[in-house]
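Reading through the structure tokens given below for one structure.
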Amino acid sequence: MNILGIETSCDETAVAVVGDDRDQPAIRANMVQSQLAEHAPYGGIVPEIAARAHLDHLDRLIAAVLDEAGLGFADLDGVAAAAGPGLVGGLIVGTTAAKGIAWAAKKPFAAVNHLEAHALTARLSDAVAFPYLLLLVSGGHTQLLVCTGVGRYRQLGTTLDDAAGEAFDKSAKLLDLPYPGGPAIAERARRGNPRRFPLPRPLQGRDGCDLSFSGLKTAVRERVAALAPNDDQAVADLAASIELAICDHLVDRTARAVRWFRAHYPEGRVLVAAGGVAANAQLRVRLAGLAADAGIAFVAPPPALCTDNGAMIAWAGLERLRLGLADSLDAKVYPRWPLDPTAFAPKMPR
Ligand code: KG4
Ligand code: ZN
């Protein structure tokens, strides 16, 4: 199979073709066009600008990806696009393009959940088998889930307020560092002392696997207000303290989820991290240590497949279409689309 995947849910226009040769996944072409420059003057993502930028970039990117893959529309076995959760303007641009190609070339269409695409990426990169425990950490979502099959997710915990990526991004903004904040903070943190500024570790010792990052943001704001201007070392120290606090919290809550997972899914052998924050080097090292202590494997896709990309959408489309899960061409887009529809409120399963 060769599936074209289109990602337009936020501020990256991303397109890829992923295939499977004798059950081996193969990324044939994978391109990302970032919109950083378009949004930079506004200090955040402007949904209307994002939608228009997707429209500007998408056709060229699709042509370039097919060119690199050496394929035409007729060679495809399906077309997938992110249909949510995300900014609806961008989602409409991406799904409409995908539906148009699917209709014209008479190929099946897959409306992909962006979170499911993050969740399944470890199967593209490392052929991880179900069931596995997933820490999904991105700019808009922070969740602990058990993945038992395509379309089958059980949420163990979620953030009560901000997402982990949001904590990085908001802290970076307070420190006058560029967007996206995760890489900017990690880069400054390399020259910093992570013990200089004590920052809160929320929900410590509390039952369940829910998370919280809003107290951290408040504490960072107070620290920044007390910093002397142009004190580069203090910025590096605070960046290191922020990165450590976020990683400590993620590792603490994931450790609880690992214990629950080991007790309830003894056949499960893998902890997976996915989403943009899973590109963080410190987090990857610490989660690998946590998994090793629990006697299970740790898998995180390569950083370029953790942040938003087209290959993950194509792969999720491929996984769905080979199970016969095609969507109709009047499929809708969804600003919110939980992976576990039964998990309305943060809670811990019994
Ligand atoms: O998955 P993603 O690309 O987009 C969403 O679906 O949200 O995640 C983007 C988030 C941003 O908050 C960004 O700051 C964070 O991932 N991020 C990182 C790193 N690279 C990206 N956070 C920490 N360390 C990184 N190296
Ligand atoms: Zn994402």
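Atoms within each ligand, like the ligands themselves, are counted from 1 in listed order.
Every atom of ligand 1 with a heavy atom of Phe168 under 4.0 Å away is listed here by number and element: 22 (N), 23 (C). Counting atoms of ligand 1 from 1 in the listed order, those under 4.0 Å from a heavy atom of Pro180 are 13 (C), 14 (O). Atom numbering of ligand 1 starts at 1 in the shown order; those under 4.0 Å from a heavy atom of Ser138 are 1 (O), 5 (C), 6 (O), 7 (O), 8 (O). Here is the list of ligand 1 atoms found below 4.0 Å of a heavy atom in His118: 1 (O), 6 (O). Close contacts of ligand 1 with Thr307, meaning ligand atoms under 4.0 Å from a residue heavy atom, involve 3 (O), 21 (C). Numbered from 1 in the order shown, with element, the atoms of ligand 1 that lie under 4.0 Å from a heavy atom of Val277 read 15 (C), 16 (O), 18 (C), 22 (N).
Arg28 and Asp21 are joined by a salt bridge, as a carboxylate oxygen and a charged side-chain nitrogen come within less than 4.0 angstrom of each other. Between Arg320 and Glu116 there is a salt bridge, since a side-chain N of the basic residue sits under 4.0 Å from a carboxylate O of the acidic one. Salt bridge present: Lys217 and Asp162 bring a charged side-chain N and a carboxylate O closer than 4.0 Å. With salt bridges taken as basic N to acidic carboxylate O contacts below 4.0 Å, none links Lys107 and Asp77. Between Arg201 and Asp248, at least one side-chain nitrogen of the basic residue sits less than 4.0 Å from a carboxylate oxygen of the acidic one, meeting the salt-bridge criterion. Classification of Arg191 and Asp237 as a salt-bridged pair fails, no side-chain N sitting under 4.0 Å from a carboxylate O.
Remark: the Asp161 side chain and the Ser212 side chain contain an N/O donor-acceptor pair separated by less than 3.5 Å.
Residue, atom and distance of the protein heavy atom nearest to atom 2 (P) of ligand 1 are Asp308 OD1, 3.2 Å. Among all protein heavy atoms, the one lying closest to atom 12 (O) of ligand 1 is Asp169 OD2, 2.7 Å. Regarding atom 9 (C) of ligand 1, its nearest protein heavy-atom neighbour is Gly139 N, 3.7 Å. At the top of the distance list for atom 24 (N) of ligand 1, counting protein heavy atoms only, stands Asn280 ND2, 3.1 Å.
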(message) Could you walk me through whether Trp337 and His114 satisfy the side chain to side chain contact (heavy atoms under 4.5 Å, CB included) test, starting with their C-alpha distance in whole Å, then the side-chain angles of each, then the deciding distance to 0.1 Å, before giving a yes or no?
(response) CA-CA 9 Å; Trp337 187 358; His114 177 96; over 6 Å; no
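Both Leu135 and Ile296 are assigned to one and the same hydrophobic cluster, defined by single-linkage of ILVMFWY side chains at heavy-atom distances under 4.5 Å. Tracing side-chain contacts under 4.5 Å through hydrophobic residues (I, L, V, M, F, W, Y), one reaches Leu216 starting from Val137; they form part of the same cluster. Side-chain heavy atoms closer than 4.5 Å link hydrophobic residues (I, L, V, M, F, W, Y) into clusters, and following such links, possibly through other members, connects Leu134 to Leu115.
Assignment of Glu12 to the shell around ligand 1 is not supported, since no heavy atom sits closer than 4.0 Å. The shell of residues lying under 4.0 angstrom from ligand 1, judged by heavy atoms, includes His114. The shortest heavy-atom distance from Cys10 to ligand 1 is not under 4.0 Å. Heavy-atom distances between Gly140 and ligand 1 reach below 4.0 Å in at least one pair.
For the residue pair Pro200 and Ala219, the shortest heavy atom distance occurs at CD-CB, 3.5 Å. In terms of heavy atoms, Ala167 sits closest to Ile246 at CB-CD1, 3.9 Å.
Under 2.8 Å from the Zn ion (ligand 2), one finds the following protein N/O/S atoms: His114 NE2, His118 NE2, Asp308 OD1.
Between Glu166 and ligand 1, no N or O atom pair is found at a separation short of 3.5 Å. Considering both main-chain and side-chain atoms, Gly165 comes within under 3.5 Å of ligand 1 through a nitrogen or oxygen pair.
Checked against Val333 for a side chain to side chain contact (heavy atoms under 4.5 Å, CB included), the options Leu91, Leu87, Val93 give a single hit: Leu91.
Here atom 20 (N) of ligand 1 lies nearest to Gly276 when heavy atoms of Gly276, Pro303, Gly182 are compared.
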